[in-house]
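Chain identifiers are assigned alphabetically (A, B, ...) following the order of the sequence lines, protein sequences preceding nucleic acid strands; residue numbering begins at 1 within each chain.
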Amino acid sequence: MKLFFKTALVLGLICSISGAILVLVNNITSDRIELNEFNKLNLALNKVSFNNNISDKVEVTDNHSIDSYYNLMDFKTNSLKGYILSLKGNGYGGEISLLASYDTKGNIMAVELISNSETPGVGKKAENKGYMDKYIGKGSDIAIPLNKNQLSDPDKNLVSGATITFTSISKMLNEGSFFVKNLGEKNEY
Amino acid sequence: MNTDIKNFIKGIVKENPTFVIMLGMCPTLAVTTQFINALSMGIGVIFVLLLSNIIISILKNLIPNSIRIPCYIVIISAFVTILEMLFHAFLPEVYNSLGVYLPLIVVNCIILGRAEAFASKNNVINSIFDALGMGLGFTLSLSFISLIREAIGNGTITLFPIGRWSGVIKIPILNNSPIRVLALPAGALLFMGYMKALFDYLSSKRKKI
């Protein structure tokens with residue numbers, strides 16, 4: 001009985017002390033982490049908006065790939081130029097989130113990767129500069145490549161070994177394009 | 001030779017965790033695609049290994065034998081979570097590039113292995129030297145594998161970005177036509193196999209002498 005209590009007490013003590021230290025470190029780092037995430041999102045919004053005006057965020061609840069969107073307004077005329085979508089999907093290592101801007105017809109203007117848990121050196125190549133170039137200008141007249149065979153040889157090499165990441169990003173962007181086309185139709189009526 | 005120095009040096013060559021004891025294979029094969037990832041992983045492991053070895057060595061007489069493994073895991077996972085939060089807050093680039101392998105340090109066999117085999121049976125000073133030697137041995141092995149894999153498999157060597165410099169050194173010829181299999185998981189296994197063979201050959205030679 002004595003051993004039983006000693007065992008429970010030691011394990012309880014170790015867990016409590018570990019928990020207390022983690023609370024302390026969390027208090028020190030949480031503000032900084034929040035600030036990092038905020039700056040990262042703002043930087044990505046600036047990149048995909050090309051310095052145009054951005055409206056307030058509109059939450060989307062009925063779409064599994066799209067979290068929210070912003071209206072993109074021309075910085076000179078303030079007319080609707082397109083949309084910025086916050087997209088989410090599942091990659092090889094977990095959730096991938098993107099910010100993508102589309103013109104009103106559903107063509108992709110720019111894509112920025114916000115977060116991912118892909119394998120370093122394999123799926124994480126999606127973070128590399130130029131990875132998203134293959135999607136730019138596609139969505140309406142030219143279809144978004146959903147399959148590796150629809151890519152040029154250099155692009156094929158770039159995604160080889162990380163097809164699941166590529167397919168996931170393509171599907172998200174394609175759904176985004178459909179969503180924007182529907183938004184455009186709604187706005188016309 | 002002094003015991004402390006012996007404890008430190010054994011982790012680098014004689015009992016190298018990667019090439020001789022073959023512990024921590026999962027992160028070894030996964031993060032060695034880029035030099036910077038391997039180095040960051042190594043530093044993370046040294047941090048966790050050092051602190052967990054110190055704490056486990058201090059508490060070794062207090063922890064009942066029947067619950068020693070859960071206690072070690074709680075201690076190790078607390079340090080890994082602290083490391084994760086610190087990286088997320090102060091080194092976000094490293095945090096992003098290590099991805100899922102950072103929390104997986106919890107189940108890195110080297111850390112639990114050294115806690116069970118060394119720290120729980122030795123004093124604090126010996127445990128510190130053991131952790132530093134093993135951690136350094138792991139970091140050096142990872143860095144070496146990643147240098148070869150990245151240079152031949154991708155034609156680049158990725159270091160920390162400094163100012164406007166992206167931190168990527170491009171190797172002429174190899175950059176245009178890399179031997180891509182080395183950058184892929186199969187190449188990692190192939191390379192590890194050759195390295196294991198080399199270390200076995202060297203140790204058998206040493207035994208004959």
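- The interface of residues 37-67 of chain A with chain B, defined by heavy-atom distances below 4.5 Å, comprises A:E37, A:K40.
- Counting only heavy atoms from C-beta outward, the side chains of B:N53 and B:I128 never approach each other to under 4.5 Å.
- With a 4.5 angstrom heavy-atom cutoff, A:I14 touches chain B via backbone and side-chain atoms both.
- Contact of A:D31 with chain B is not made at all, since no heavy-atom distance falls under 4.5 Å.
- If you check the side chains of B:Q34 and B:S146, you find no donor sitting under 3.5 Å from an acceptor.
- In terms of heavy-atom pairs under 4.5 angstrom with chain A, the leader among B:I82, B:T32, B:I55 is B:I82.
- Listed options B:I75, B:V74, B:L184 were ranked by heavy-atom pairs under 4.5 angstrom with chain A; first place goes to B:V74.
- Classified by interplanar angle (parallel below 30°, tilted 30° to 60°, perpendicular above 60°), the ring pair A:F166/A:Y135 is parallel.
- Annotation: side chain of A:L72 is not in contact with side chain of A:Y83 (no heavy-atom distance under 4.5 Å).
- In this structure, A:Y69 has its ring center closer than 6.0 angstrom to the ring center of A:F179.
- Under the side chain to side chain donor-acceptor pair (under 3.5 Å) criterion, B:K10 pairs with B:N7, B:D130, sequence neighbours left out.
- Aromatic ring pairs are classed by plane angle as parallel below 30°, tilted from 30° to 60° and perpendicular above 60°; the pair B:F144 and B:F191 is tilted.
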Full working for side chain to side chain contact (heavy atoms under 4.5 Å, CB included) between B:I12 and B:M134:
CA-CA 6 Å; B:I12 298 170; B:M134 283 288 162; over 6 Å; no

